[in-house]
2 protein chains.
Amino acid sequence: MANPLGKRWYDDACGTALGLELVGERWALLIVRELMFGGRRFSELRAGLPGISANVLTQRLERMEAVGIVQRRKLPPPANVQVYELTPWGYEAEPAIQSLGRWAVRSPLHDPTLDLSPASIMMSFRTMYSAERVGTASETLGFRFGDEVFVVTVDGTELTVRRDEPDGCPVVVDTTPPMLAAVVYGDMPVEDAEATGQMTVTGDRDVLRRFASWFVLPEKAG
Amino acid sequence: MANPLGKRWYDDACGTALGLELVGERWALLIVRELMFGGRRFSELRAGLPGISANVLTQRLERMEAVGIVQRRKLPPPANVQVYELTPWGYEAEPAIQSLGRWAVRSPLHDPTLDLSPASIMMSFRTMYSAERVGTASETLGFRFGDEVFVVTVDGTELTVRRDEPDGCPVVVDTTPPMLAAVVYGDMPVEDAEATGQMTVTGDRDVLRRFASWFVLPEKAG
DNA sequence: CGGCATCCGGGAAGATACTG
DNA sequence: CAGTATCTTCCCGGATGCCG
């Protein structure tokens, strides 16, 4: 057996080579990223992947379904819509996505001011937070990017992200992903972000300030 | 700034997306794998990457040099040959390569009987060895695949691989990468491998048998 | 032989338009 | 909204050939 899907095949027993067969096509790994916090609809995926065209997204989803990374699920009526979600093994790709990101961020070519999706910045929190800096702290924060909502829980050893209504969190941040990145990874003070009109903080701003201190971007390489 | 190199650009602040720009093209990450244990010449790279064409290899090396992953070095006369090697930051891609491989190997599509390069199996040792199984053991083994030679040192917390003449090691294994994989990851006994004529063991076979017990392939998903 | 340029055929990606 | 159809452009792979 060599060539179950497609024509171009590395024909290599190396796991990395197989990984590239599975998610090495353009956009594939970013689709996995978008699915990392739960099932998404076709149009939601498109929104998180600016530049992808519908036919490519269709192809990738089909292929990743065929190889067991993605499954499609039809929500019960009356919602009756279809969502794509990761299989349990698909979710296990998270460390691979994180390692690649952690390495690439050190490139001089990395431009943190570009746009990024809500799923991207949530993933970056899971990738970049420093348990050492968190210490024994324990916090819950809500984030709202338009209609994409998240609740992030930090408890010292773990940072968890789930898509959920943030009302009731001690602090809720309503903003855009790049603005949040500027506050967490850049030097932008919370009040400056609010002054731009692109961030609204409800509740205890100090929780957000502390949160921002727990993340470090690795320094650039040579 | 958006598009320093090439036309297709994700334009995404996400580190993973940048990683895909850098090493997401076909063959790129496998070239990095081949360079992981030291500089290699053009033809040596081709040998480790069956199926790559010369022009694609040239393109990838050029691009990876431009983005700071690869550097070329001219050996002093009279050798006077050029080798491609990783930059220090390039070497730091190892965890990303390993994570991807560790994840992909659990796919039902993984076929461990396919061919693989010497660098691949050495990388797999670094990826798959279980410090728990090694315990307090400490061993040195030599491997010889035609003219590619390696010395592997295991000392409980660390497994190191270097390209070096294996003479003088307590055990030296002269074989092919797939045969070695069959012994280490499959169930093939050392004496069966020798009986095929594709493996010659010089020195203490028990060292090799113990070595083989330190590696576990993760079980298949779903 | 090592490295790179050039040409060609096929296939994958991107853009747009269209349909259920 | 969730895709399909179509067309164009670009990339990949193979072959050849040049030049050190």
Side-chain angles (χ1 to χ4, degrees), chain A residues 2-3 5-12 17 20-31 34-35 39-66 70-75 77-85 147-148, chain B residues 2-3 5-12 17 20-31 34-35 39-66 70-85 147:
Chain A
N3 209 329
L5 303 154
K7 313 269 169 76
R8 298 176 183 173
W9 204 256
Y10 291 119
D11 267 323
D12 195 323
L20 293 170
E21 308 284 11
L22 298 173
V23 295
E25 290 173 305
R26 199 165 164 77
W27 295 108
L29 204 56
L30 300 183
I31 296 172
E34 289 298 310
L35 293 175
R40 306 255 78 197
R41 305 170 52 164
F42 194 89
S43 59
E44 295 172 325
L45 288 171
R46 289 194 72 173
L49 300 165
I52 198 173
S53 56
N55 49 9
V56 170
L57 179 53
T58 301
Q59 272 176 238
R60 293 299 173 275
L61 289 169
E62 272 171 6
R63 184 182 168 98
M64 291 199 288
E65 189 181 6
V70 163
Q71 58 197 10
R72 67 182 79 194
R73 195 157 51 96
K74 192 144 208 155
L75 295 186
N80 212 28
V81 296
Q82 191 175 228
V83 299
Y84 297 88
E85 57 186 14
D147 53 359
E148 294 208 42
Chain B
N3 208 331
L5 302 153
K7 315 268 169 75
R8 297 178 183 172
W9 204 255
Y10 291 119
D11 268 323
D12 195 322
L20 293 170
E21 308 284 10
L22 298 173
V23 294
E25 289 174 304
R26 198 165 165 76
W27 296 107
L29 203 56
L30 300 183
I31 296 171
E34 289 297 311
L35 293 174
R40 307 255 78 197
R41 305 169 53 161
F42 193 88
S43 58
E44 295 172 324
L45 289 171
R46 289 195 72 174
L49 300 166
I52 197 173
S53 57
N55 50 8
V56 170
L57 179 53
T58 300
Q59 271 176 237
R60 294 298 174 275
L61 289 169
E62 271 172 5
R63 185 183 168 94
M64 292 199 288
E65 188 180 8
V70 163
Q71 58 197 12
R72 68 181 77 195
R73 194 156 52 95
K74 193 146 209 154
L75 296 186
N80 211 26
V81 295
Q82 192 173 225
V83 298
Y84 297 88
E85 57 186 13
D147 53 359

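What's counted below: heavy atoms across the whole structure, side chains too, no hydrogens, waters or symmetry copies. Order of the sequence lines fixes the chain letters, A, B, ..., with proteins taken first and strands second; residue numbering starts at 1 for each chain.
- One finds a side-chain N or O of Gln59(A) lying less than 4.0 angstrom from the OP1 or OP2 phosphate oxygen of dA13(C).
- Considering only side-chain N and O atoms, Arg72(B) lies under 4.0 angstrom from the phosphate OP1 or OP2 of dC4(C).
- Taking atom CG on Leu45(B) and atom P on dC4(C), their separation rounds to 12 Å, with Å as the unit.
- An OP1 or OP2 oxygen of dG13(D) is reached within less than 4.0 angstrom by a side-chain nitrogen or oxygen of Trp27(B).
- Side-chain proximity of Glu25(A) to dC4(C), dA13(C), dA2(D): nearest is dA13(C).
- Mapping Tyr10(A) and Arg46(A) onto DNA chain D by nearest heavy atom places Arg46(A) closer to the 5' end of the strand.
- Judged by distance alone, with hydrogens and angles left aside, Asn55(B) brings a side-chain donor or acceptor within reach of the base of dG14(D), the pair sitting under 3.5 Å.
- In this structure, Arg40(B) atom CZ and dG2(C) atom C1' are separated by 15 Å, rounded to whole Å.
- Within the nucleic acid shown, Ser43(A) comes within 4.0 Å of sugar-phosphate atoms alone, with no base atom in reach, counting heavy atoms only.
- With the end axes of the helix from dC1(C)-dG20(D) to dG20(C)-dC1(D) each set by five pairs, the angle from one to the other reads 30° at 10° resolution.
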Check against side chain to side chain contact (heavy atoms under 4.5 Å, CB included), Trp27(B) and Leu57(B): CA-CA 8 Å; Trp27(B) 296 107; Leu57(B) 179 53; over 6 Å; no
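- Using a 4.5 Å heavy-atom cutoff, the side chains of Val56(A) and Arg60(A) are in contact.
- In this model, the phosphate group of dA2(D) is approached by a side-chain N or O of Arg41(A) to a distance below 4.0 Å at OP1 or OP2.
- Atom CD in Gln82(A) sits roughly 14 Å away from atom C1' in dG20(C) (whole-Å rounding).
- In terms of modelled atom types and a separation under 3.5 Å, the side chain of Gln71(A) and the main chain of Tyr84(A) share no donor-acceptor contact.
- Dashed line: the shortest gap from a side-chain N or O of Tyr84(A) to OP1 or OP2 of dG3(D) is under 4.0 Å.
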Residues Ile52(B), Leu45(B); criterion side chain to side chain contact (heavy atoms under 4.5 Å, CB included); working and verdict: CA-CA 9 Å; Ile52(B) 197 173; Leu45(B) 289 171; over 6 Å; no
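- Among the nucleotides dG3(D), dC4(C), dA12(C), the one closest to the side chain of Arg8(A) is dA12(C).
- In terms of modelled atom types and a separation under 3.5 Å, the side chain of Glu21(B) and the main chain of Tyr10(B) share a donor-acceptor contact.
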